[in-house]
Amino acid sequence: MKTPQTLDELMLRCRALAGLTLGQLAAELGHQVPVHLKQDKGWAGQLLEQALGASAGSKAEPDFPELGVELKTLPIDQHGKPLESTYVCVAPLTGINQQLWQDSWVCQKLSLVLWLPLLAERSIPVAERVIGTGFLWQPDSKEQQLLQQDWEELMELIALGGIDQIRGAHGQVLQLRPKAANSKALTAAIGEAGQPIQALPRGFYLKTSFTQQLLRKAFG
DNA sequence: CAGTGATCATAT
DNA sequence: ATATGATCACTG
C-alpha cells in the first residue's frame with residue numbers, strides 16, 4: 001500500500017474502509033484473522049495501518065510522516081463508548097529537566113490524530129468487528145490545556161523522584177501506566193533522593209472519558 | 001463493571 | 001532494552 005501523498009487522499013481511503021468488517025479487510029489484504037487478540041493485541045491496528053498506507057515498523061515517528069498524522073484505532077462498544085484507554089507514547093523517566101510541553105513527545109504525537117473507531121466488543125468475533133468512520137482531530141485550546149496540565153504535573157513528579165507514587169488515577173485526561181513486557185521489566189529512573197534507580201517502564205495513555213468527548217464532538 | 005496494573009507480539 | 005501496535009484481567 002503506497003503511502004497517501006495528501007490529507008485528502010488519506011481521508012478518502014479512510015472513508016472507503018468505513019463499514020467493512022475486519023474479516024473483509026483481512027481477506028482483501030491476504031491476512032488470517034486471529035480467533036482472539038490475546039496474543040495479537042496490535043493486530044487490528046496494524047491491519048488498518050497497512051490498509052491506509054502508514055509507514056510500517058516501530059519507528060519513533062508519526063504513522064504518516066509527510067502529513068504529520070498519527071493514526072489511532074479506537075475500540076468502542078455499540079453505544080460509541082471507548083472500551084480501552086489510548087496509548088500515546090512511552091514516558092521518559094530520566095534526563096527530562098526543563099522540557100517544555102510544546103516540545104514533548106505527547107504534544108507532538110497528539111497534534112494531529114486520525115481516529116478510527118472500531119466496534120470491538122469482546123462478544124463480537126474478531127472477524128465481524130466493524131470499522132467505523134475515521135475523523136481527524138487537533139486538540140482545541142481547552143483540550144490542549146488539560147493535556148498540558150496533566151503532562152506537566154506527571155513530569156514534575158517523575159523528575160522529582162515521585163515515580164512510584166504515580167498511579168493511573170493521577171491525571172484528569174492523561175494518565176501514566178505501566179508499559180512493559182511484564183511487571184519485572186526495568187528501566188532507568190530517578191529515586192526519591194534524586195539518585196538513579198531502576199523502575200518499571202511507563203507510558204502515557206488517554207483516559208476513555210477524554211476520547212469519548214472527542215467522539216461526541218465528532219459525531220454528537 | 002470501571003479503572004488500574006499487567007501483559008503479548010514484533011522490529012530495531 | 002525501547003519503540004511500535006494495543007488488549008487482557010484482576011481488584012475494589
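Scope of the values below: all heavy atoms of this structure, side chains included, with no hydrogens, waters or symmetry mates. Below, chains carry the letters A, B, ... as their sequence lines are ordered, and counting in each starts from 1.
For the pair Leu154(A) CG and dT4(B) C1', the interatomic distance rounds to 14 Å; values are reported in whole Å. Rounding to whole angstrom units, CD of residue Glu49(A) and C1' of dA11(B) are separated by 12 Å. We find that CD of Gln50(A) is positioned 21 Å from P of dA9(B), with the value rounded to whole Å. In this structure, the CD atom of Glu84(A) is 10 Å from the C1' atom of dG3(B), given to the nearest Å. What separates CZ of Arg202(A) from P of dA1(C) is a distance of 15 Å, to the nearest Å. What separates CD of Gln175(A) from C1' of dA2(B) is a distance of 12 Å, to the nearest Å. Rounded to an integer number of Å, the gap from Leu48(A) CG to dT4(C) C1' is 15 Å. Between the CG atom of Asn182(A) and the C1' atom of dA6(B) there is a distance of 8 Å, given to the nearest Å.
Regarding contacts with the backbone of dG3(B), every side-chain N or O of Ser85(A) stays at 4.0 angstrom or more from both OP1 and OP2. Between Arg167(A) and the phosphate of dG5(B), there is a side-chain N or O to OP1/OP2 separation shorter than 4.0 Å. Within the 4.0 Å cut-off from OP1 or OP2 of dG5(B), not a single side-chain nitrogen or oxygen of Lys184(A) is found. For dA9(C), the OP1/OP2 oxygens have a side-chain nitrogen or oxygen of Lys38(A) closer than 4.0 Å. Within the 4.0 Å cut-off from OP1 or OP2 of dA2(B), not a single side-chain nitrogen or oxygen of Thr208(A) is found. Applying the 4.0 Å criterion to OP1 and OP2 of dA9(B), one finds that Gln39(A) has a side-chain N or O inside that range.
Counting any heavy atom pair closer than 4.0 Å across all strands shown, Glu70(A) reaches sugar-phosphate atoms only and no base atom. Nucleic acid contact class of Leu83(A) (heavy atoms, under 4.0 Å, all strands): none. Among the protein residues, Ala120(A) comes within range of no part of the nucleic acid, since none of its heavy atoms lies under 4.0 Å from any strand. Note on Gly42(A): a base of the nucleic acid sits closer than 4.0 angstrom, heavy atoms only.
The base of dG5(C) lies close enough to the side chain of Lys179(A) for a donor and an acceptor atom to sit less than 3.5 Å apart. The base of dA3(C) does not come close enough to the side chain of Tyr87(A) for any donor and acceptor atom to sit less than 3.5 Å apart.
Between Lys81(A) and Gln46(A), the residue anchored closer to the 5' end of DNA chain B is Lys81(A), taking for each the nucleotide with the nearest heavy atom.
Formation of a donor-acceptor pair under 3.5 Å by the Asp63(A) side chain with backbone atoms of Leu71(A) is found in this model. Panel note: side chain Asp150(A), backbone Leu174(A); a donor-acceptor pair is recorded below 3.5 Å.
Distance CG/Leu48(A) to CD1/Ile131(A): 5.0 Å, rounded to 0.5 Å. The distance from atom CD of Gln212(A) to atom OG of Ser209(A), rounded to the nearest 0.5 Å, is 8.0 Å. Atom SG of Cys89(A) sits about 10.0 Å away from atom CD of Gln108(A), to the nearest 0.5 Å.
Counting only heavy atoms from C-beta on, Ser183(A) has its side chain closest to dA6(B) among dA6(B), dG5(C), dT4(B). Among the nucleotides dT2(C), dT7(B), dG5(C), the one closest to any side-chain atom of Tyr205(A) is dT7(B). Nearest nucleotide to the side chain of Lys72(A), out of dC8(C), dG5(C), dG5(B): dG5(C). The side chain of Lys41(A) approaches dC8(C) more closely than any other nucleotide in the set dT2(C), dT4(C), dC8(C). Comparing dA9(C), dT2(C), dT4(B) by their nearest atom to the side chain of Arg122(A) picks out dA9(C). Nearest nucleotide to the Trp105(A) side chain, out of dA6(C), dA3(C), dT7(B): dA3(C).
In summary, the side chains of Glu153(A) and Gln149(A) do not present any donor paired with an acceptor at a separation below 3.5 Å, with no hydrogens or angles considered.
Between Lys41(A) and Glu84(A) there is no salt bridge, since no side-chain N of the basic residue sits under 4.0 Å from a carboxylate O of the acidic one.
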